[in-house]
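Convention: sequence-line order gives letters A, B, ...; per-chain numbering from 1.
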Protein chains: 2
Amino acid sequence: MTEKATPSPEAIKAWARLMRVSRQLMESAEEALKTAGLPPLAWYDVLHELAEAGEDGLRPFQLIERTLFAQYNISRLLARLEADGLVEKLPVADDGRGQTIRIAAQGRETRRQMWAVYGRSIAELVGAKLSADELTMVSALLGRLRHPPASD
Amino acid sequence: MTEKATPSPEAIKAWARLMRVSRQLMESAEEALKTAGLPPLAWYDVLHELAEAGEDGLRPFQLIERTLFAQYNISRLLARLEADGLVEKLPVADDGRGQTIRIAAQGRETRRQMWAVYGRSIAELVGAKLSADELTMVSALLGRLRHPPASD
DNA sequence: AGACGATAGATGCAATTGCATCAAGCTTGA
DNA sequence: TCAAGCTTGATGCAATTGCATCTATCGTCT
């Protein structure tokens with residue numbers, strides 16, 4: 001059993017940095033969106049997945065897998081997105097319990113507007129701070145902290 | 001003006017990894033604490049700062065600076081900590097508006113119990129996945145994403 | 001077919017967060 | 001000195017989150 005109950009100083013430092021920096025960056029990005037009068041990041045995450053999925057859409061449980069949101073969270077978020085006309089809920093043929101969520105034209109437009117702001121935040125907060133090689137290094141190292149670990 | 005509105009693919013990837021991994025790790029740590037019947041991470045952050053501050057304690061606004069919590073959040077968190085007997089609120093001599101927050105004996109004990117679980121999570125989730133050198137590299141790279149950038 | 005357990009998604013209720021604002025005390029400057 | 005503005009911390013209210021549970025449908029096993 002190689003598990004250690006007490007982490008090394010390096011591990012503690014890396015953890016602290018990770019938690020602090022990620023929170024700080026996320027808040028910056030959220031603030032930029034809010035200032036622009038746009039919806040919060042969570043909406044972007046969902047719209048992004050749905051846009052990538054295309055006309056076939058996605059089932060809510062697939063969104064849960066992809067976004068890490070809790071089930072009840074997705075359920076309510078989708079209700080809000082539908083109320084705003086950004087997505088459509090379609091019944092699914094071979095499963096009477098389920099539904100398929102498809103992004104609506106207005107959803108694509110909102111996503112586009114959000115990306116204009118969000119992308120700029122990423123460029124400023126991350127892209128401008130580290131070189132491409134360093135960014136690749138960060139991705140690789142963080143990927144190994146994922147569960148399951150990412151190879152690329 | 002060197003600002004780019006559209007981030008590089010490397011920046012997008014690093015951002016996505018950072019957001020996703022930090023959320024995943026934090027949820028793992030939160031879950032471990034909850035399973036152990038202990039308070040959430042936010043409590044640890046505050047108790048940690050107060051423990052380091054020692055008998056002199058800290059003013060709430062100092063906690064805000066150190067933890068990045070919003071003011072109203074700290075205000076209510078401290079109310080809960082006090083209600084649980086983990087901290088004491090003391091009037092401060094030279095400023096009638098303010099108060100000094102001091103960690104109580106029971107607060108130290110709770111923090112100790114939380115660290116037993118939290119530290120193990122850090123060791124498992126981070127310490128066991130990367131070498132000391134790699135962890136140092138992560139800290140250094142993330143430090144440059146901070147505002148203001150960290151040198152160490 | 002019928003029963004039983006698993007899966008998909010919604011929802012009532014309590015706790016927390018976010019926003020805006022407030023009250024109280026401090027500081028500065030005329 | 002005292003008005004105006006700033007800082008510190010609290011709080012009412014709305015929105016969101018978390019938890020537990022519920023309904024409905026599906027799949028499987030007998």
Side-chain angles (χ1 to χ4, degrees), chain A residues 23-24 26-46 49-50 53 57-84 87-102, chain B residues 23-24 26-46 49-50 53 57-84 87-102:
Chain A
R23 189 149 42 127
Q24 200 176 36
M26 189 153 91
E27 280 174 11
S28 293
E30 288 280 16
E31 190 190 342
L33 286 171
K34 183 161 0 187
T35 299
L38 291 169
L41 267 184
W43 288 38
Y44 183 86
D45 289 347
V46 168
E49 293 298 335
L50 290 174
L58 286 176
R59 302 281 299 269
F61 73 87
Q62 294 176 299
L63 280 169
I64 291 168
E65 294 165 1
R66 284 167 171 70
T67 61
L68 307 183
F69 288 124
Q71 183 269 324
Y72 56 80
N73 221 325
I74 284 289
S75 176
R76 285 162 167 151
L77 183 41
L78 290 176
R80 284 172 225 149
L81 287 171
E82 188 189 29
D84 269 44
V87 306
E88 294 173 296
K89 290 187 176 182
L90 310 169
V92 59
D94 59 338
D95 189 340
R97 298 166 297 183
Q99 52 190 296
T100 293
I101 310 297
R102 189 166 62 194
Chain B
R23 188 148 44 126
Q24 200 176 36
M26 189 152 91
E27 280 174 10
S28 293
E30 288 280 15
E31 191 190 341
L33 285 171
K34 183 162 1 187
T35 299
L38 291 168
L41 267 185
W43 290 37
Y44 184 85
D45 288 347
V46 168
E49 293 297 336
L50 290 174
L58 286 175
R59 302 280 300 269
F61 72 86
Q62 294 176 300
L63 280 169
I64 291 168
E65 294 166 1
R66 285 168 170 71
T67 61
L68 306 184
F69 287 124
Q71 183 270 322
Y72 56 79
N73 221 325
I74 284 290
S75 176
R76 295 201 253 235
L77 183 43
L78 289 176
R80 285 173 225 147
L81 287 170
E82 187 188 29
D84 269 44
V87 306
E88 294 172 296
K89 290 186 177 182
L90 309 169
V92 59
D94 59 339
D95 190 339
R97 297 166 298 184
Q99 50 189 303
T100 293
I101 310 297
R102 190 166 62 193

Discussion item. Both atom distances under 3.5 Å, Watson-Crick or G-U wobble: I'd like the secondary structure of DNA chain C as a dot-bracket string, with | for pairs made across strands.
Written reply: ||||||||||||||||||||||||||||||
Exercise: identify the closest heavy-atom pair between [X] and [Y]:
X	Y	answer
A/Gly57	A/Ala53	O-CB, 3.8 Å
B/Leu50	B/Ile101	CD2-O, 3.5 Å
B/Ile74	B/Phe69	CG1-CB, 3.7 Å

In whole angstroms, how far is the [atom2] atom of [N] from the [atom1] atom of [X]?
X	N	atom1	atom2	value
B/Tyr72	D/dC13	OH	C1'	13 Å
A/Phe69	C/dA8	CZ	P	19 Å
B/Leu68	C/dG18	CG	P	13 Å
B/Leu78	D/dT8	CG	P	15 Å
B/Gln62	D/dG9	CD	P	9 Å
A/Arg23	C/dG18	CZ	P	10 Å
B/Phe61	C/dC26	CZ	P	13 Å
A/Ile101	C/dA10	CD1	P	7 Å

Among [options], which is the nearest nucleotide to the side chain of [X]?
X	options	result
A/Pro60	C/dG9, C/dG18, C/dA6	C/dG9
B/Arg76	D/dC13, D/dA10, C/dA6	D/dC13
A/Ser75	C/dT11, C/dT17, D/dG9	C/dT11
B/Arg59	D/dG9, D/dA10, C/dA10	D/dG9
A/Arg80	D/dT16, C/dG12, C/dC19	D/dT16
B/Arg97	D/dG9, C/dG25, C/dT17	C/dG25

Discussion item. Can you tell me whether the side chain of A/Gln71 and the base of C/dA8 have a donor-acceptor pair closer than 3.5 Å?
Written reply: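 Side chain to base: no pair below 3.5 Å.
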Worksheet item: Think A/Lys89 has a side-chain N or O under 4.0 angstrom from the OP1 or OP2 of C/dA10?
Response: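 True: A/Lys89 side-chain N/O within range (under 4.0 Å) of C/dA10 OP1/OP2.
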Worksheet item: OP1 or OP2 of C/dT16 less than 4.0 angstrom from a side-chain nitrogen or oxygen of B/Asn73, does that happen here?
Response: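 No, outside the criterion.
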Practice prompt. Keeping the roles fixed (side chain from A/Arg59, backbone from A/Gln99), state whether a donor-acceptor pair exists under 3.5 Å.
Written response: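 Yes, A/Arg59 side chain to A/Gln99 backbone: donor-acceptor pair under 3.5 Å.
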Worksheet entry | Side chains of A/Leu78 and A/Leu63 in contact at under 4.5 Å (non-hydrogen atoms) |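 Heavy-atom side-chain distance check passes, below 4.5 Å.
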Worksheet item: Name the one of A/Glu82, A/Glu88, A/Glu49 that satisfies salt bridge (Lys or Arg N to Asp or Glu O under 4.0 Å) with A/Arg102?
Response: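 Answer to the salt bridge (Lys or Arg N to Asp or Glu O under 4.0 Å) test with A/Arg102 among A/Glu82, A/Glu88, A/Glu49: A/Glu88.
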Practice prompt. Can you sort out which residues in residues 33-42 of chain A have a heavy atom within less than 4.0 Å of DNA chain C? Ascending by number, please.
Written response: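 DNA chain C contact set from residues 33-42 of chain A: A/Lys34.
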For residues 35-46 of chain A, which side-chain donor-acceptor pairs fall under 3.5 Å, sequence neighbours excluded?
residue: A/Thr35; atom: OG1; partner: A/Glu31; partner atom: O; Å: 2.8
residue: A/Tyr44; atom: OH; partner: A/Arg111; partner atom: NH1; Å: 2.7

